[in-house]
Amino acid sequence: MRYADADLTLLFYHYFKPLSDFRNQVVWITGASSGIGEHLAYALVKSGARLALSGVNVERLTAVGERCKEISKYAKKDILLVPFEINNFEVHDECVKKVLDHFGQIDILINNAGIGHIAKFADVDKADDQRLFSVNVFGNISLTRRVLKHFLERKKGHIVVTSSSSGKLGTRYSSTYAGTKHALHGYFECLRSEMLDENIDITLVCPGPVVSKLTRRSPTGKVEEKDDRQQQSTYMQMSTERCSDLMATAIAYKLDECWISLQPFLLTFYVAQYFPSKFRTLAIMYIIKSFFFKGMKKRLTSKDGTDSH
């Protein structure tokens, strides 16, 4: 456990089972223009996946698509760009149709699109609550419902959701963000129970602090206010590449839920799981607070700070 950076089930598959080949599988990744989505695209295309890539930043998405074409084992037509904003619900049907018209099928939908938020609970504006839920929750749910129709027709499919450690454990200064991630677990756990006899799998991925641009795009207590400070690996953040490689394993073996994080954050998952009351009084006070909250508080009170996923 001292050196573990994921839950033990995921690590077992990652180190003792070969990564499944994704050949002939169409994988649609939202939020693919940077961060986890970008590097997950690279990991999957190396294993033969055909990719539909979505994001908001068209320039970055195009660059990711070109890189995927360079390392792909297959033709350039096997990389499709579908740029759109996840909370623009009116275009979801059109986007699904575009992917199906191009590939004829969707095998895996990876709901990775999302935005971050760092602010004290009392300082959060109602508009920020609505914006985060619109993007992180309702956008992903809306797209999933449309793709689910295709999965039910084919009688197979795999839905992957990039949640967060915040989807399992509430922490300071992230009430709205954590609320959106907890909501995703509620929605998709219910969907999992409905899909037991439909041959449709659900994988919930819970990364801890990861080097990412997520919080650089996040509001910091005010609507549309951005945090553009450069990120540094100071608060025990996992590399994006490592996180994406572990996610690829979880997807390949259709794990129900996986935890991906460096210590001491990974340990808090286990403490919270098996000692819920003690976790709230001891782990938060001595483990998370010592390593994580100091950095978060610094970001809220100074212009020079460090980002965490």
Side-chain angles (χ1 to χ4, degrees), residues 1-22 27 29 31-32 35-47 49 108 110-112 114 116 158-171 174 177-178 181-182 184-185 188-189 192 201-212 214-215 231 233-276 279 283-284 287-288 290-292 307-309:
M1 282 298 295
R2 180 178 179 181
Y3 301 103
D5 58 0
D7 66 86
L8 299 183
T9 302
L10 175 53
L11 289 179
F12 171 80
Y13 280 99
H14 190 72
Y15 286 114
F16 297 105
K17 298 283 187 178
L19 182 63
S20 297
D21 200 317
F22 285 89
V27 183
I29 307 174
I36 292 173
E38 173 187 353
H39 290 279
L40 187 57
Y42 301 152
L44 295 179
V45 81
K46 288 177 183 177
S47 295
I108 304 173
I110 301 178
N111 290 298
N112 180 69
H158 188 185
I159 299 167
V160 181
V161 182
T162 302
S163 178
S164 167
S165 58
S166 294
K168 303 292 289 185
L169 313 171
T171 56
S174 61
Y177 179 72
K181 295 302 183 179
H182 274 72
L184 287 175
H185 282 258
F188 285 98
E189 289 293 355
R192 189 202 308 281
D201 298 286
I202 312 290
T203 296
L204 285 161
V205 183
C206 302
V210 175
V211 176
S212 169
L214 180 70
T215 53
Q231 190 175 45
S233 298
T234 302
Y235 295 101
M236 299 187 179
Q237 296 153 312
M238 178 182 289
S239 72
T240 316
E241 294 84 353
R242 173 63 175 172
C243 180
S244 300
D245 285 344
L246 289 167
M247 280 185 66
T249 299
I251 295 168
Y253 289 99
K254 300 180 179 180
L255 301 185
D256 291 337
E257 180 174 299
C258 62
W259 307 340
I260 301 174
S261 181
L262 298 178
Q263 301 292 8
F265 305 108
L266 181 64
L267 178 62
T268 65
F269 279 108
Y270 283 92
V271 176
Q273 184 82 8
Y274 297 107
F275 306 98
F279 165 75
I284 288 181
I287 299 177
I288 303 179
S290 298
F291 294 97
F292 188 55
D307 289 342
S308 286
H309 185 268

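By convention here, the first residue in the shown sequence is residue 1.
- Shown here are the side-chain contact (heavy atoms from CB on, under 4.5 Å) partners of Leu262, two or more places apart in sequence or in another chain: Asp5, Met238.
- Applying the side-chain contact (heavy atoms from CB on, under 4.5 Å) criterion to Lys17, with sequence neighbours excluded, gives Phe12, Tyr13, Tyr253.
- Side chains of Trp259 and Leu10 form no contact here, defined as non-hydrogen atoms less than 4.5 Å apart.
- Checking Ser165, Pro207, Pro209 one by one against Ser261, the side chain to side chain contact (heavy atoms under 4.5 Å, CB included) holds for a single residue, Pro209.
- Of all heavy-atom pairs spanning Ala248 and Phe22, the tightest one is O-CZ, 4.1 Å.
- For the atom pair Leu246 CG and His14 NE2, the distance stands at 5.0 Å (nearest 0.5 Å).
- Taking both residues in full, the closest heavy atoms of Phe269 and Cys206 are given as CZ-O, 4.2 Å, listed atom of the first, atom of the second, then distance.
- Here the side chain of His182 pairs a donor or acceptor atom with the backbone of Ala178 at under 3.5 angstrom.
- For Thr240 (side chain) and Val211 (main-chain N/O), a donor-acceptor pair under 3.5 Å exists by modelled atom type.
- When all heavy atoms of Tyr177 and Gly116 are compared, the closest pair comes out as CD1-CA, 3.8 Å.
- The shortest distance between side-chain heavy atoms of Phe188 and Ser163 does not fall below 4.5 Å.
- Partners of Tyr15 according to the side-chain contact (heavy atoms from CB on, under 4.5 Å) rule, which considers only residues two or more places apart in sequence or in another chain, are Leu11, Arg242.
- Nearest approach of Gly167 to His185, heavy atoms of both residues: O-CD2, 3.7 Å.
- With Asn111 as reference, Ile159 is the one residue of Leu184, Ile159, Val160 to meet the side chain to side chain contact (heavy atoms under 4.5 Å, CB included) rule.
- For the pair Asp7 and Cys258, the tightest heavy-atom approach, listed with the atom from each and the gap, is OD2-CA, 3.2 Å.
- Using a 4.5 Å heavy-atom threshold, the side chains of Leu44 and Ile108 count as separate.
- Between Tyr270 and Tyr274, the ring-plane angle classifies as parallel under the 30° and 60° cut-offs.
- Partners of Glu241 according to the salt bridge (Lys or Arg N to Asp or Glu O under 4.0 Å) rule, which considers only residues two or more places apart in sequence or in another chain, do not exist here.
- Looking at Asn112, its side chain never comes within 3.5 Å of a backbone N or O of Thr162 through a donor-acceptor pair.
- Scanning both residues, Val205 and Met247, for their nearest heavy atoms gives CG1-CG, 3.6 Å.
- Listed by first and then second residue, the salt bridge (Lys or Arg N to Asp or Glu O under 4.0 Å) pairs involving residues 256-266 are Lys168-Glu257, Arg192-Asp256 (not counting sequence neighbours).
- Note that the CG atom of Leu40 and the CD1 atom of Ile110 stand 4.5 Å from one another [nearest 0.5 Å].
- With sequence neighbours excluded, the residues that form a salt bridge (Lys or Arg N to Asp or Glu O under 4.0 Å) with Lys254 are Asp201.
- Side-chain contact between Leu19 and Ser47 is present, with heavy atoms from C-beta onward closer than 4.5 Å.
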